[in-house]
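Input: a single structure, listed below in structure tokens.
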Amino acid sequence: MKVAFIGLGAMGYPMAGHLAKRYETLVYNRTPSKAQQHALEFGSKAVGLEQTAEAEIIFTCVPVSKDVDDLACALLPHLRPGTLWVDHTSGEPELAKQTAARLASKGVSYLDACLSGGVAGAINARATVMCGGSEADFERAKPVMQSYAAKIVHVGPLGAGHAVKAVNQGLLAVNLWALSEGMVALAKQGINLELALEVINASSGRSNVSENLFGQRVLSREFPNTFALGLLAKDMGICVKVLEAAGTPAPLLRQLREFFEVARREVGSADVDHTAVARLLERWAGVEIR
């Protein structure tokens, strides 16, 4: 089988590497040198965008849904009926449906297949994938996605993968902001924050943020840039759109969207790691979480 991977960012680069171990893999990136580097490292083949249409399955992992739609428009004259497009972008359900309809006009199927697990999950082939689309397309793609994912779930019809990912990101934002508020308060009172975090992680308030992010990134003062604050703010905007489409009450998640927009502007750069929101709360409180 020949596959193609478009978008060799922090997640896409290692995922395409896992694919290249099992399949003939074409890789494309807006920066050609990145694709060439990938070919040298993993044995994939760096190609121009048009050549990716030769693949039976095309994977995309780019920043936003508009990028995916732009790629679909550019590739449309070259795509062949029967091709499957698997989109790993954290995107918008409604725009994904428009892209899927565009691809369907050429006989190309589409899955929205959002990722979780972070860069470490991608590197270690332990990513989680939540897929929206037809059951048949999911079953076709699943064995290939097992090259880089440990948990792959068909969550519903087209757009469902994006919707579930958006809600997941909302929960990430809630936990990150709430823990930052709480730890700032404990720091102000002179409490040993490492011990406080240890207790929280053995208690009912624990979360992925407290167990796997806060100690390594905030208490350590390292803030390694693996997932940008600007991308989480973008995801919160998508989350709010999902809530609006459902018409359900969601005062907390709506408010968090505003908080992360403020953080994105005030931290100084949308490219810093998402855990840097803690720095904004530190500034407001006049104390460091350390």
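Under the side chain to side chain contact (heavy atoms under 4.5 Å, CB included) criterion, L71 pairs with I6, L49, T60, V62, W85, not counting sequence neighbours. Taking H154 as the reference, F138 meet the ring-ring contact (aromatic ring centres under 6.0 Å, His included) condition, with sequence neighbours excluded. Under the ring-ring contact (aromatic ring centres under 6.0 Å, His included) criterion, H88 pairs with F59, Y148, not counting sequence neighbours. In this structure, the ring-ring contact (aromatic ring centres under 6.0 Å, His included) partners of H38, at least two apart in sequence or on a different chain, are Y13, F42. Contacts of E41 classified as salt bridge (charged side-chain N to carboxylate O under 4.0 Å, His left out), with partners at least two apart in sequence or in another chain: none.
Residues in residues 206-250 take part in these ring-ring contact (aromatic ring centres under 6.0 Å, His included) pairs, two or more places apart or across chains: F227-H274. The side-chain hydrogen bond (donor to acceptor under 3.5 Å, both in side chains) pairs that include a residue from residues 179-200 are W177-E181, where partners are two or more places apart or lie in different chains. Within the structure, side-chain hydrogen bond (donor to acceptor under 3.5 Å, both in side chains) pairs that include any residue of residues 65-74 comprise K66-D70, D69-T99, D69-R102 (at least two apart or interchain). Applying the side-chain hydrogen bond (donor to acceptor under 3.5 Å, both in side chains) test to residues at least two apart or on different chains, none of the pairs has a partner in residues 117-126.
Cluster partners of V164 are M130, V153, V155, counting Ile, Leu, Val, Met, Phe, Trp and Tyr whose side-chain heavy atoms approach within less than 4.5 Å, directly or via other members. Members clustered with L195: none, using a 4.5 Å side-chain heavy-atom cutoff among hydrophobic residues. Membership of the apolar cluster around V47 extends to L26, as traced through chained side-chain contacts below 4.5 Å between ILVMFWY residues.
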